[in-house]
2 protein chains.
Amino acid sequence: MRISELVERTGVPLATLKFYLREGLLPAGEATSATRAEYGEAHVRRIAVIRALTETVGLSVQKAREVLQLMDRPEDDLFETLGKAIAALPPSVTPEAAEDYPRAREVLEKLGQVYDPRFAAVAQLELALAAAESAGIPLDDRRLAVYGPNIRAIAEFDVGSIPREATAAVEYAVLGTAVHEPVLIALRRLAHQDVAARRLGQGSAKAGAPTRPRPKGR
Amino acid sequence: MRISELVERTGVPLATLKFYLREGLLPAGEATSATRAEYGEAHVRRIAVIRALTETVGLSVQKAREVLQLMDRPEDDLFETLGKAIAALPPSVTPEAAEDYPRAREVLEKLGQVYDPRFAAVAQLELALAAAESAGIPLDDRRLAVYGPNIRAIAEFDVGSIPREATAAVEYAVLGTAVHEPVLIALRRLAHQDVAARRLGQGSAKAGAPTRPRPKGR
DNA sequence: TGGGGTTGGATAGCCATGGTATCCAATATT
DNA sequence: AATATTGGATACCATGGCTATCCAACCCCA
């Protein structure tokens, strides 16, 4: 198909597609002449992934490119590839070698997980813990005792659902890690509402409080 | 204390503090003269919250202001306040009244939770589900059956830990929802690594693979 | 064969965001 | 009185993510 059809299929403006091409997020179509190139279904899919990464996950174009490149040509080691992909995910932190992350270390020890300061997610955790702490809501043991196992159960499932086949695995793992994060966040926010509504007994019933089911319509 | 001391205490540059004052994120100190104002511990804390909200949670200055204002003068209804705060959290979506969110509705029905399209988090969920779907990894029933209960357990704890006192409750609830999100995300990413390492048997042991504990040092 | 409608490719512009930097005049401080 | 700080206002700037415009080469259809 031609680029104009890509525009139609994806709803992304032409100027933006050209921008993605320029930035190397989207591979060029197969040139059939100097002024014509052929695009395929792979391009349609790629554009969806780009949008998911930039709009939903919130990656910058640059970070999105890094992640896409990893998905295109994963390195030998799946862990390494996944690690690099995670490093590109927000909040984007580059772990300093020779740096120590005491809060993260403590948490991981309590969870019985390995602590390796070279891992981007460790630096990310440290940052998040420090922020929570300075905001006045540190992650105490009781909370960790709840968060840890439940998150782990989720992660177990995630890993279990990664396909065996190598190339697909990288793409699936990277995308799954990134794309399901917003889903989890939204689910938690909604669960907060629901739990709060039930516990506090539909609270101060205000003008059609958003916590009670309403008959049907809209 | 004077503003220069605030700079020292928080490590935030003077120009930036002035910027926060201008933007209404940080309340002005108590003016003791035309060229002097007195700041207190509350300001130090506030700055920490601002940084957590903008840097860690990733809120824009404008959204951060909205959230802070809600924390300062919560409205009568805690649900409404919390709902508005959540609406400011990324990915910032403004739910269109009269809009339907089919994917979110289906998920919530399966979870036995109330579906109310006026809720920002519902729109956020819809967006996240749509993104996952178009990226090729839809949220299927099996995954939902794992995510749902585990996230709910987390939410139960979260709500249970909100203090009874009204004004503190809002601040705690809003901050807790926001600042623990990055923690949960980081924990999941790390759990992925850990689970993957154990399952796939420390994988292809590469140069000091980040999945094996190393003796001790650094 | 010719002419309108696409293309690719390149370049320039635009707007919002999140700061920085500079000035200034009014004080404090010593 | 001399020097250093402030508050307050204004101007400036870099980055990011597009968006717009041009152009010339084409294709396709008549």
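So that the names make sense, note that chain A is the first sequence line, chain B the second, and so on, each numbered from 1.
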**Request:** Taking only the side-chain nitrogens and oxygens of A:Ser33, find out if one of them lies under 4.0 Å from OP1 or OP2 of D:dA25.
**Result:** no
**Message:** Please report the end-to-end axis angle for the helix from C:dT1-D:dA30 to C:dT30-D:dA1, five pairs per end, rounded to 10 degrees.
**Reply:** 10°
**Prompt:** Does anything in residues 37-61 of chain B reach DNA chain C, meaning a heavy atom under 4.0 Å, and if so which residues?
**Reply:** B:Ser60, B:Val61
**Message:** Do A:Arg65 and A:Tyr20 pair up side chain to side chain, a donor and an acceptor below 3.5 Å, judged on atom types alone?
**Reply:** no
**Prompt:** Hey, which of these two, A:Ala34 or B:Thr16, hits DNA chain C nearer its 5' end, going by closest nucleotide?
**Reply:** A:Ala34
**Prompt:** Which heavy atom of A:Ala155 sits nearest a heavy atom of B:Arg188, and at what distance?
**Reply:** CB-O, 4.3 Å
**SB check A:Glu8 A:Arg2 (cutoff 4.0 Å)** = no
**Prompt:** Between D:dG17 atom P and A:Gln62 atom CD, what is the distance in whole Å?
**Reply:** 9 Å
**Request:** Could you please spell out the steps behind the side chain to side chain donor-acceptor pair (under 3.5 Å) verdict for A:Ser161 and B:Arg143?
**Result:** CA-CA 9 Å; A:Ser161 70; B:Arg143 191 178 293 272; 3.0 Å; yes
**Prompt:** Quick one: how far along DNA chain C does chain B reach, first to last nucleotide 5' to 3', anything under 4.0 Å to a heavy atom?
**Reply:** C:dG18 to C:dA28
**Request:** Please state how far atom CG in B:Leu14 lies from atom P in D:dT5, giving the value in whole angstrom units.
**Result:** 12 Å
**Message:** Closest-nucleotide mapping onto DNA chain D: is B:Ile3 or A:Lys18 further toward the 5' terminus? I mean the 5' end.
**Reply:** B:Ile3
**Item:** Interatomic distance where CG belongs to B:Leu21 and P belongs to D:dA9 [whole Å]
**Value:** 11 Å
**Asked** Ion pair present between A:Arg105 and A:Glu109, side-chain N to carboxylate O less than 4.0 angstrom?
**Response** yes
**Fill in**
Residues A:Leu129 and A:Ala104: closest non-hydrogen pair is CD1-N, 3.8 Å
**Message:** Between the side chains of A:Glu106 and A:Lys110, is the shortest nitrogen-to-carboxylate-oxygen separation below 4.0 Å, so that they form an ion pair?
**Reply:** yes
**Whole-Å distance separating the CG atom of A:Leu25 from the C1' atom of D:dC18** = 12 Å
**Request:** Identify whether the distance between the nearest side-chain nitrogen and carboxylate oxygen of A:Glu30 and A:Arg36 falls below 4.0 Å.
**Result:** no
**Message:** For A:Asp158 and A:His180: C-alpha separation, side-chain torsions, deciding distance, then whether side chain to side chain donor-acceptor pair (under 3.5 Å) applies.
**Reply:** CA-CA 10 Å; A:Asp158 288 332; A:His180 286 140; 4.9 Å; no
**Prompt:** How many Å lie between CG on A:Leu17 and P on D:dA20, as a whole number?
**Reply:** 14 Å
**Request:** Dump the intermediate steps for side chain to side chain donor-acceptor pair (under 3.5 Å) on B:Asn150 and A:Tyr147, then the final yes or no.
**Result:** CA-CA 9 Å; B:Asn150 285 292; A:Tyr147 284 12; over 6 Å; no
**Asked** Start at the 5' end of DNA chain C and walk down; is the nucleotide closest to B:Arg2 or to A:Arg22 reached first?
**Response** A:Arg22
**Message:** Can you measure A:Tyr20 atom OH to D:dG16 atom P for me and round it to whole angstrom units?
**Reply:** 15 Å
**Prompt:** To the nearest angstrom, how far is B:Leu26 atom CG from D:dG7 atom P?
**Reply:** 11 Å
**Message:** Do the side chains of B:Arg142 and B:Asp140 get close enough for a salt bridge, i.e. N-O under 4.0 angstrom?
**Reply:** no
